[in-house]
2 protein chains.
Amino acid sequence: MRARTRQAILDAAITVLGQEPTVSLGAIAAAADVGRTTLHRYFPERSELLRAVNAEVTARLERAVGLARLDEGRGIDALRRLTREYFDLGDVLSLIFNQPHLTAEVGWADPGVCDPRFETMVRRGHEDGTLDPDLPPPWVHNLLWAQLYAAYGYLADSDTSRHTVLGLLVRTVTGAAGVKSARIEE
Amino acid sequence: MRARTRQAILDAAITVLGQEPTVSLGAIAAAADVGRTTLHRYFPERSELLRAVNAEVTARLERAVGLARLDEGRGIDALRRLTREYFDLGDVLSLIFNQPHLTAEVGWADPGVCDPRFETMVRRGHEDGTLDPDLPPPWVHNLLWAQLYAAYGYLADSDTSRHTVLGLLVRTVTGAAGVKSARIEE
DNA sequence: TCGGATTGGAACAGTAGAGCCCCATTTTCG
DNA sequence: CGAAAATGGGGCTCTACTGTTCCAATCCGA
């Protein structure tokens with residue numbers, strides 16, 4: 001019924017907008033297997049659809065943060081959990097990267113401010129000696145998102161399994177943000 | 001004269017297209033301080049402008065690769081040099097990320113294939129013990145581009161100096177792609 | 001089964017941009 | 001200086017998309 005159709009539109013919008021941010025409403029409707037008229041009935045204006053997409057993405061991100069239990073264990077372990085949860089977001093990653101203005105307050109844009117829970121996690125990692133103390137929390141936030149996007153693209157374009165890509169991702173995020181015990185001299 | 005105007009248009013196009021991939025030709029002309037008619041005289045169709053931009057970007061990337069001397073020194077040192085050269089590309093980074101299809105053959109898209117010189121460099125790093133042998137060259141390629149873009153965004157949005165951001169970038173890329181001498185256990 | 005709810009096809013005007021042409025103005029160079 | 005080149009403003013058509021309305025067909029629950 002209503003809720004079902006609405007969700008189908010939102011899912012299709014997330015997928016298609018992530019690939020082509022300026023895609024027409026007709027194309028979104030087609031991707032959702034729905035008539036353009038129906039789409040207009042649920043979201044009279046494009047901006048309203050975008051707001052709804054924003055809300056949906058925000059909710060999914062929030063859920064991922066909750067599942068990652070950022071306040072438990074060592075900083076690096078929490079960061080690894082968050083990496084895995086974010087990686088599972090799929091199409092949402094592409095959307096967040098291609099429409100930073102759409103999901104600005106929640107995503108990776110505006111490095112000066114990042115989620116306080118994330119910041120607390122990184123600072124804990126600084127203190128427990130598992131995260132590189134020279135990297136400010138917003139930088140870690142940025143690098144995590146960058147590598148997530150790289151991993152998602154790698155998954156789409158190369159024929160590597162999801163599991164393998166996740167392994168590579170966690171390994172490089174750990175190397176990038178983790179404390180360097182014996183750094184190779186410049 | 002001709003060459004001067006043409007270059008002004010290309011420079012403006014690279015900057016503006018990097019921020020808004022669907023920007024109108026009128027806006028590009030305005031950014032180049034040139035009449036819309038003049039732009040149409042140099043590039044009769046939008047696609048021709050895009051091809052010229054592609055050529056320009058390709059040339060700048062090629063120049064950066066040359067300056068980085070990928071075939072000299074240890075793998076990690078060559079990767080660090082390349083990181084610095086790419087970081088200097090400025091607006092081009094934004095364009096490459098926001099228009100992957102435009103610069104597909106030269107950029108970071110299609111992870112299955114990457115520049116043979118880059119691949120050789122990474123493999124040398126595997127053998128000389130400076131780059132993580134568990135990371136395939138295309139993954140390192142993707143990783144580098146993602147971090148470059150994140151660094152560029154960080155530079156634009158936070159009030160951190162260019163030099164500081166470059167330092168964070170090199171440190172992060174080194175940590176992510178470099179060999180892990182004593183990895184923190186999972 | 002019946003009736004309201006939902007759907008989607010078709011057509012419409014309004015808008016924005018692309019591509020094109022003309023011509024007056026300005027710049028550049030011999 | 002004078003001619004050729006270059007510039008840019010204005011206007012025109014064409015196309016694509018948006019937002020809207022109307023209405024027939026279909027789906028679903030009472």
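Keep in mind that the numbers below use all heavy atoms, side chains included, and drop hydrogens, waters and symmetry copies. We name chains A, B, ... by the order of the sequence lines, and we start the count at 1 in each one.
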Enumerate donor-acceptor pairs with a distance under 3.5 Å from any side-chain N or O in residues 29-40 of chain A to protein atoms, sequence neighbours excluded.
unit_1: H40(A); atom_1: ND1; unit_2: P44(A); atom_2: O; d: 3.4

Do the charged groups of R60(A) and D88(A) touch, with an N to O distance under 4.0 Å?
-> no
Could you walk me through whether R123(A) and E127(A) pass salt bridge (Lys or Arg N to Asp or Glu O under 4.0 Å), step by step?
-> CA-CA 6 Å; R123(A) 297 205 184 285; E127(A) 289 164 11; over 6 Å; no
Salt-bridge criterion met for D71(B) and R117(B) (N-O under 4.0 Å) = no
Kindly give the heavy-atom pair with the smallest separation between R2(B) and Y42(B), and that separation in Å.
-> CA-OH, 3.4 Å
Measure from the side-chain N and O atoms of T164(B) to the backbone N and O of T160(B), and report whether any donor-acceptor pair falls under 3.5 Å.
-> no
Taking only nitrogen or oxygen atoms into account, show me every contact under 3.5 Å that the protein makes with nucleotides 11-13 of chain D, one pair per line with its distance.
unit_1: dG11(D); atom_1: O6; unit_2: R36(B); atom_2: NH2; d: 3.0

Please produce a list of atom pairs where a protein N or O lies less than 3.5 Å from an N or O of nucleotides 24-30 of chain D.
none

T15(B) side-chain N/O to D11(B) backbone N/O, donor-acceptor pair under 3.5 Å | yes
Stretch residues 38-48 of chain B: residues that reach within less than 4.0 Å of DNA chain C through a heavy atom | H40(B), P44(B), E45(B), R46(B)
L49(A) CG to dG19(D) P, in whole Å, measures 10 Å
When all nucleic acid strands are considered with a 4.0 Å heavy-atom cut-off, which category describes T37(A): base, sugar-phosphate, or nothing?
-> base
Just by distance, do the side chain of H126(A) and the backbone of P137(A) share a donor-acceptor pair under 3.5 Å?
-> no
Does the side chain of T83(A) come under 3.5 Å of the side chain of E85(A) through a donor N or O and an acceptor N or O?
-> no
Hey, is the main chain of S94(B) close enough, under 3.5 Å, to the side chain of N98(B) for a donor-acceptor pair?
-> yes
Taking everything shown except R63(A) itself, do over 12 heavy atoms lie less than 6.0 Å from its CZ?
-> no
Are the side chain of R81(A) and the backbone of V65(A) linked by a donor-acceptor contact shorter than 3.5 Å?
-> no
Just checking, any donor-acceptor pair under 3.5 angstrom between side chains of T58(A) and N54(A)?
-> yes
First contact, last contact: which nucleotides of DNA chain C are these for chain B, 5' to 3', heavy-atom distance under 4.0 Å?
-> dG17(C) to dC29(C)
Angle by which the axis turns from one end of the helix from dT1(C)-dA30(D) to dG30(C)-dC1(D) to the other, five pairs per end, to 10 degrees | 30°
D132(A) and R171(B) ion-paired at < 4.0 Å | yes
Any luck finding a side-chain donor-acceptor pair between T172(B) and W139(A) under 3.5 Å?
-> yes
